[in-house]
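This report refers to the structure that appears directly beneath it.
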Amino acid sequence: MNGQHPPAGEREAQSATVALFVSDVHLQEALAGTTQAFIDFLDMHAPRAQRLYLLGDLFEYWAGDDDLDTPYHLHIADTIRRVSEAGTAVFWIAGNRDFLVGQQFANAAGLTLLHDPHVEDIAGQRVVLVHGDAECTDDQAYMAFRAQVRQPEWQAQFLGQPLAKRKAIIEGMRSGSREAQRTKSYEIMDVNSGAIASLFASTGATLMIHGHTHRPATHIHHVDGKSCVRHVLPDWDADGETPRGGWLAMDAGGKVTRFNLDGSPAPA
């Protein structure tokens, strides 16, 4: 069914799906199962929605838009563009692994880059969308690193180096990150409740959707006398013994439903 999209009449009947939300697919060429699962999602499910939001860490890493020339990355960009050309508006928020995605990739994939956080009224609800790493404020070492690599000067200096050298540097960073995570507690690597409450308060949103933590769940927060809902997206891994992943869908009434990799509804 790859490359096929619902006929016009079927799309109209399915227009109640206002938006889909995905994050932490961690695409890389070595993970063929995860790659195919994401392509199946793009081909079979994404074209049924009015909007698709990719909320960061779509790629395991991104060394710069000049890496778009590889056949693997071109294939992913082309597949996303098919969704856009079928009539689904596609949006992107950077993650902690692919924050170097730029306008060249956006043009190739037919998507719109958004800032983190992004606030939007969707299906009658005020929604704040983030990747989630900026809210992990208890991890002070990571927050310092994040502040450094998000600076335009740092990025310009990094992107000015040869692609092969950038990939080697990133591999070293990934190795160091894996080692550091072994000594960090569950609480430190999760979002900070105060940061979440502050984001709800500053944006006026009552619904938040994010990824990053790989801990899919639905949380209720009480902020300024309001009940606010926070949905956490799952990470994807279709190559392991127990495949995991999925997405969230919002219908025209503002109801949010969680789906498994195979498209079946998941527990809320």
Side-chain angles (χ1 to χ4, degrees), residues 17-28 31 34-35 37-42 44-46 48-60 62 76 80 83 88 90-99 101 111 114-120 122-123 125 127-136 186 189-193 195-196 199-200 203 205-221 228-240 242-251 254-268:
T17 303
V18 172
L20 299 177
F21 307 88
V22 177
S23 75
D24 298 276
V25 184
H26 294 278
L27 290 170
Q28 52 183 308
L31 298 181
T34 302
T35 300
F38 184 64
I39 290 172
D40 289 345
F41 163 75
L42 291 176
M44 295 187 286
H45 300 284
R48 302 177 180 182
Q50 297 173 13
R51 309 175 201 171
L52 168 62
Y53 293 90
L54 304 172
L55 301 185
D57 286 2
L58 179 68
F59 295 102
E60 174 66 8
W62 190 258
I76 298 299
I80 297 173
V83 175
T88 299
V90 184
F91 303 93
W92 171 288
I93 284 179
N96 55 295
R97 294 176 179 270
D98 50 19
F99 59 88
V101 160
L111 57 80
L114 302 176
H115 293 292
D116 183 346
H118 175 75
V119 184
E120 187 172 347
I122 306 174
Q125 297 201 61
V127 184
V128 57
L129 303 173
V130 294
H131 175 59
D133 62 323
E135 287 65 49
C136 295
Y186 179 99
M189 292 190 292
D190 203 355
V191 296
N192 175 278
S193 59
I196 295 297
L199 189 55
F200 272 124
T203 60
T206 54
L207 179 65
M208 182 186 303
I209 300 175
H210 72 83
H212 180 64
T213 64
H214 300 184
R215 297 163 185 165
T218 299
H219 304 271
I220 305 298
H221 300 263
C228 302
V229 180
R230 175 170 64 93
H231 294 289
V232 185
L233 291 159
D235 68 314
W236 290 45
D237 181 0
D239 291 88
T242 305
R244 66 178 183 270
W247 60 89
L248 295 177
M250 182 183 291
D251 67 18
K255 178 183 177 182
V256 176
T257 304
R258 194 177 292 271
F259 287 90
N260 296 310
L261 277 182
D262 62 2
S264 63

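Computed from a predicted model, the values in this text were never measured in an experiment. FYI, side chains are in, hydrogens and waters are out, and symmetry mates aren't considered; it's all heavy atoms of this structure.
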Side-chain heavy-atom pair [X], [Y] within 4.5 angstrom cut-off:
X	Y	answer
V256	F21	no
L55	V130	no
V127	V119	no
S264	F259	no
D57	D98	yes
V25	L54	no
L233	Y53	no
R215	M189	yes

[atom2] on [Y] to [atom1] on [X], rounded to 0.5 Å:
X	Y	atom1	atom2	value
D116	N96	CG	CG	10.5 Å
H45	R48	NE2	CZ	6.0 Å
L27	T34	CG	OG1	7.5 Å
D190	E135	CG	CD	11.0 Å
H131	I209	NE2	CD1	14.5 Å
H210	L129	NE2	CG	11.0 Å

Give the minimum heavy-atom separation between [X] and [Y], together with the two atoms involved.
X	Y	result
G245	P234	C-CG, 3.8 Å
G132	V191	O-CG1, 3.8 Å
T35	Q28	OG1-O, 3.5 Å
L261	A238	CD1-CB, 4.2 Å
T88	A46	OG1-O, 3.2 Å

Criterion side chain to side chain contact (heavy atoms under 4.5 Å, CB included) against M250, the qualifying member of L20, T17, L207:
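In the set L20, T17, L207, the residue that makes a side chain to side chain contact (heavy atoms under 4.5 Å, CB included) with M250 is L207.
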Tested for side chain to side chain contact (heavy atoms under 4.5 Å, CB included) against M208, the lone hit among V232, T203, I196 is I196
Should the pair [X] and [Y] be assigned to parallel (<30°), tilted (30 to 60°) or perpendicular (>60°) ring geometry?
X	Y	answer
F41	W247	tilted
W236	F38	perpendicular
H219	H221	tilted

Is there a donor in the side chain of H26 and an acceptor in the side chain of D235, or the other way round, less than 3.5 Å apart?
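Looking only at side-chain atoms, D235 and H26 do not form any donor-acceptor pair under 3.5 Å.
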Under a 4.0 Å threshold between the charged nitrogen and the carboxylate oxygen, would R51 count as salt-bridged to E120?
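Here E120 pairs with R51 in a salt bridge, since their nearest N and O are under 4.0 Å apart.
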Could you walk me through whether L111 and L52 pass the side-chain contact (heavy atoms from CB on, under 4.5 Å) check?
CA-CA 9 Å; L111 57 80; L52 168 62; over 6 Å; no
So, [X] side chain and [Y] main chain: donor-acceptor pair closer than 3.5 Å or not?
X	Y	result
R258	A217	yes
D251	G254	yes
D24	H212	yes

